[in-house]
Protein chains: 2
Amino acid sequence: MILKRPQTITSQVNSILRKRIRDGAYAPGSKLPSESDLAAELGVSRATLRQAMTSLVSEGMLLPRQGDGTYVNRRVFEISTRLESFWSFTHMIENSGRKCTIHVLSTQVLPAGQRESDVLEIAPEEPIYVMERLFFADEQPVILSTNIIPVAFFSIAPECCDARVPLNVFLETYCDQWIAYSTSDIRSALPAPQAVERLQLDSDEPLLTFFDVFYNRADQPVAFGLNNYADKRLNMRLVRAWGA
Amino acid sequence: MILKRPQTITSQVNSILRKRIRDGAYAPGSKLPSESDLAAELGVSRATLRQAMTSLVSEGMLLPRQGDGTYVNRRVFEISTRLESFWSFTHMIENSGRKCTIHVLSTQVLPAGQRESDVLEIAPEEPIYVMERLFFADEQPVILSTNIIPVAFFSIAPECCDARVPLNVFLETYCDQWIAYSTSDIRSALPAPQAVERLQLDSDEPLLTFFDVFYNRADQPVAFGLNNYADKRLNMRLVRAWGA
DNA sequence: AAGTGGTCTAGACCACTCC
DNA sequence: GAGTGGTCTAGACCACTTG
């Protein structure tokens, strides 16, 4: 069962700051109140305020200058599609200001092949759940995604699962698994015939591919995915803060 | 002038932890001493210790489990080429266990075109410094890189600069500029004829391209780069921790 | 029940920038 | 010199896992 946990003070403060930036209360290029003042205004300690700011700083939205003040990035609104928000395709698409819809192309249970048993550390032929999905941004297909989960993890019958949710939510809801970390190998490739058709591409137009493996807190692989990403239609932007 | 600044306690502790993991003092899959014990052993506060651990956690090398303990990722040594270490190609290549050498193909001063003046926010025709470099991993060419810096930033004559250093070091040394953050647009593309030749590729083999823009602490663009990345020869792996 | 990591506080001192 | 962000401490309480 999924219980909604109350948000921490830190994450609430983080949301407040994001909202103020988004709404223009803190305009692009402007200086924020000092950390002490902000902490006092919000009724939290300075340490908590700084903790809430870290993600905004690492995303490049806030630019702290020692001895001066903290400024809002002049280009906040140009850096909205970020690899950081990448744990959910839905998020990434909606961050780019477009509507995301998911088409489930197929879901099936198959025996694991060599690659599946290697990556997921299961016996060959063990049953796996395979789901194929297509993500649209404003009715335009942008991501063709295949995800694979060992059937052994499921706490209910695979046929009863709703595949239109993000993978992490799927794993939490139907498999009682929480993702601790994931690895993604990023490559460039010419699309397979199936991808050409589904994504409505030219066959000689290369696309980005992601090979993702998801691990739980016990360091076990719980799923992996193959994602074809139409980079011409949805920008993939990485923002990095250069600490010291 | 570049002054070497003394390291913070946090970064020293971070280095100690990395070293202990690398040397096997904390073996893959094993549990670390508790945070309180570690802090006491190293003579720092628990807050500082946790601060030192954050980067290791976000890279997926350490896996904290509330109520239990903190474990070393079983696969630490498989996640060595990470996008996080990506602020320096040299670092990235050496992290993959190979030797990095840099060939400077050309350096020249040219008038800015439309794209250069747009991205760098300078007047058209203003002089820019263009450097083309080729990065090798163990004698194999892996990255073809073009970087562009407005000549106005230089504090010495551009001809006197050593282009065999990482871009951030170059900017600090010769331009008195520090990078605060950067954006990278990641795309897939068929290589230009020049890239085919330099990187010794097949012309129908797609590669990863990065369009990077670097900003200083005043939020001004100070440089941009176009990088062609032979993803078949050097893996581009992103590791992400899934917080809460 | 004991021990672990997760969160939060109040206060201190430093390095730095601006006026 | 005044004010800012950067670092660090000591201590507290909570949520959680394990024995």
Side-chain angles (χ1 to χ4, degrees), chain A residues 1 3-17 26 30-58 61-73 176 178 180-181 216-219 241-244, chain B residues 3-17 26 30-58 61-72 176 178 180-181 216-219 241-244:
Chain A
M1 207 59 250
L3 292 179
K4 196 168 185 175
R5 70 177 96 170
Q7 287 203 318
T8 62
I9 297 180
T10 301
S11 78
Q12 292 176 52
V13 172
N14 184 283
S15 301
I16 291 173
L17 296 177
Y26 299 147
S30 68
K31 193 199 284 196
L32 259 60
S34 76
E35 295 185 350
S36 310
D37 288 352
L38 251 183
E41 183 219 319
L42 298 170
V44 300
S45 72
R46 201 181 139 215
T48 301
L49 175 73
R50 281 179 65 81
Q51 180 65 26
M53 288 172 43
T54 50
S55 69
L56 293 163
V57 172
S58 73
M61 308 194 79
L62 290 181
L63 301 168
R65 299 184 208 161
Q66 187 173 13
D68 181 2
T70 299
Y71 291 80
V72 179
N73 188 317
D176 259 319
W178 274 258
Y181 74 99
N216 65 14
R217 296 183 253 201
D219 218 352
W242 293 54
Chain B
L3 292 179
K4 195 168 186 173
R5 69 180 97 172
Q7 288 203 319
T8 62
I9 298 179
T10 301
S11 78
Q12 293 177 53
V13 171
N14 183 282
S15 301
I16 291 173
L17 296 177
Y26 300 145
S30 68
K31 192 200 284 198
L32 258 62
S34 77
E35 295 184 350
S36 310
D37 288 353
L38 251 183
E41 183 218 321
L42 298 171
V44 300
S45 72
R46 199 180 140 215
T48 301
L49 175 73
R50 281 179 64 82
Q51 179 65 26
M53 288 173 43
T54 50
S55 70
L56 293 163
V57 172
S58 73
M61 307 192 80
L62 291 181
L63 301 168
R65 298 183 208 163
Q66 188 174 14
D68 180 4
T70 299
Y71 291 78
V72 180
D176 259 318
W178 274 258
Y181 73 99
N216 65 14
R217 296 183 253 202
D219 218 351
W242 293 54

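These numbers come from the heavy atoms of this one structure, side chains and all, not from hydrogens, waters or symmetry mates. Keep in mind that what you see is a predicted model, and the values were worked out from it rather than measured.
Among the nucleotides D:dT4, C:dG6, D:dG6, the one closest to any side-chain atom of A:E35 is D:dG6. Taking the side chain of A:D68 as heavy atoms from C-beta on, and the options C:dT17, D:dG5, C:dG5, the nearest nucleotide is C:dT17. Of the candidates C:dT17, D:dG6, C:dT9, the closest approach to any side-chain atom of A:A47 belongs to C:dT9.
Note: A:R217 CZ to B:R65 CZ = 9.5 Å, rounded to the nearest 0.5 Å.
Taking atom CG of A:L63 as the reference point, atom C1' of D:dT4 lies 15 Å away to the nearest angstrom. Distance, A:K31 NZ to C:dT17 C1': 9 Å, rounded to whole Å. In this entry the distance linking CG of A:L56 with C1' of D:dG5 reads 16 Å, nearest Å. Atom CD of B:Q7 is separated from atom P of D:dT7 by 12 Å (rounded to the nearest Å). Here the C1' atom of nucleotide D:dT9 and the CG atom of B:L42 are 15 Å apart, to the nearest Å. Distance, B:R50 CZ to D:dA10 P: 17 Å, rounded to whole Å. What separates CD of A:Q66 from C1' of D:dG3 is a distance of 12 Å, to the nearest Å. In this entry the distance linking CD1 of B:I9 with P of D:dG6 reads 17 Å, nearest Å.
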Step-by-step side-chain contact (heavy atoms from CB on, under 4.5 Å) determination, B:L17 to B:L38
CA-CA 10 Å; B:L17 296 177; B:L38 251 183; 4.2 Å; yes
Step by step, work out the side-chain contact (heavy atoms from CB on, under 4.5 Å) result for B:L62 and B:V72.
CA-CA 5 Å; B:L62 291 181; B:V72 180; 4.2 Å; yes
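In this structure, A:R46 reaches the bases: a heavy-atom distance under 4.0 Å links it to at least one base atom across the strands shown. Among the atoms of the strands shown, only primed sugar atoms or phosphate atoms (P, OP1, OP2) are found under 4.0 Å from some heavy atom of B:R65.
Between A:L49 and B:S36, the one whose closest nucleotide on DNA chain C sits nearer the 5' end is B:S36. Nearest-nucleotide assignment on DNA chain C puts the 5′-proximal partner with B:D37, out of A:V44 and B:D37.
Looking at A:D68 and A:K31, their side chains come closer than 4.5 Å, going by heavy atoms from C-beta outward.
Contact annotation: A:S45 does not reach the phosphate of C:dC8 (side-chain N/O to OP1 or OP2, under 4.0 Å). A close approach under 4.0 Å does not occur between any side-chain nitrogen or oxygen of A:T70 and OP1 or OP2 of D:dT4. At the phosphate of D:dC8, OP1 or OP2 sits under 4.0 Å from a side-chain N or O atom of B:T10.
Closest heavy-atom contact between A:Q12 and A:Q7: NE2-O, 3.1 Å.
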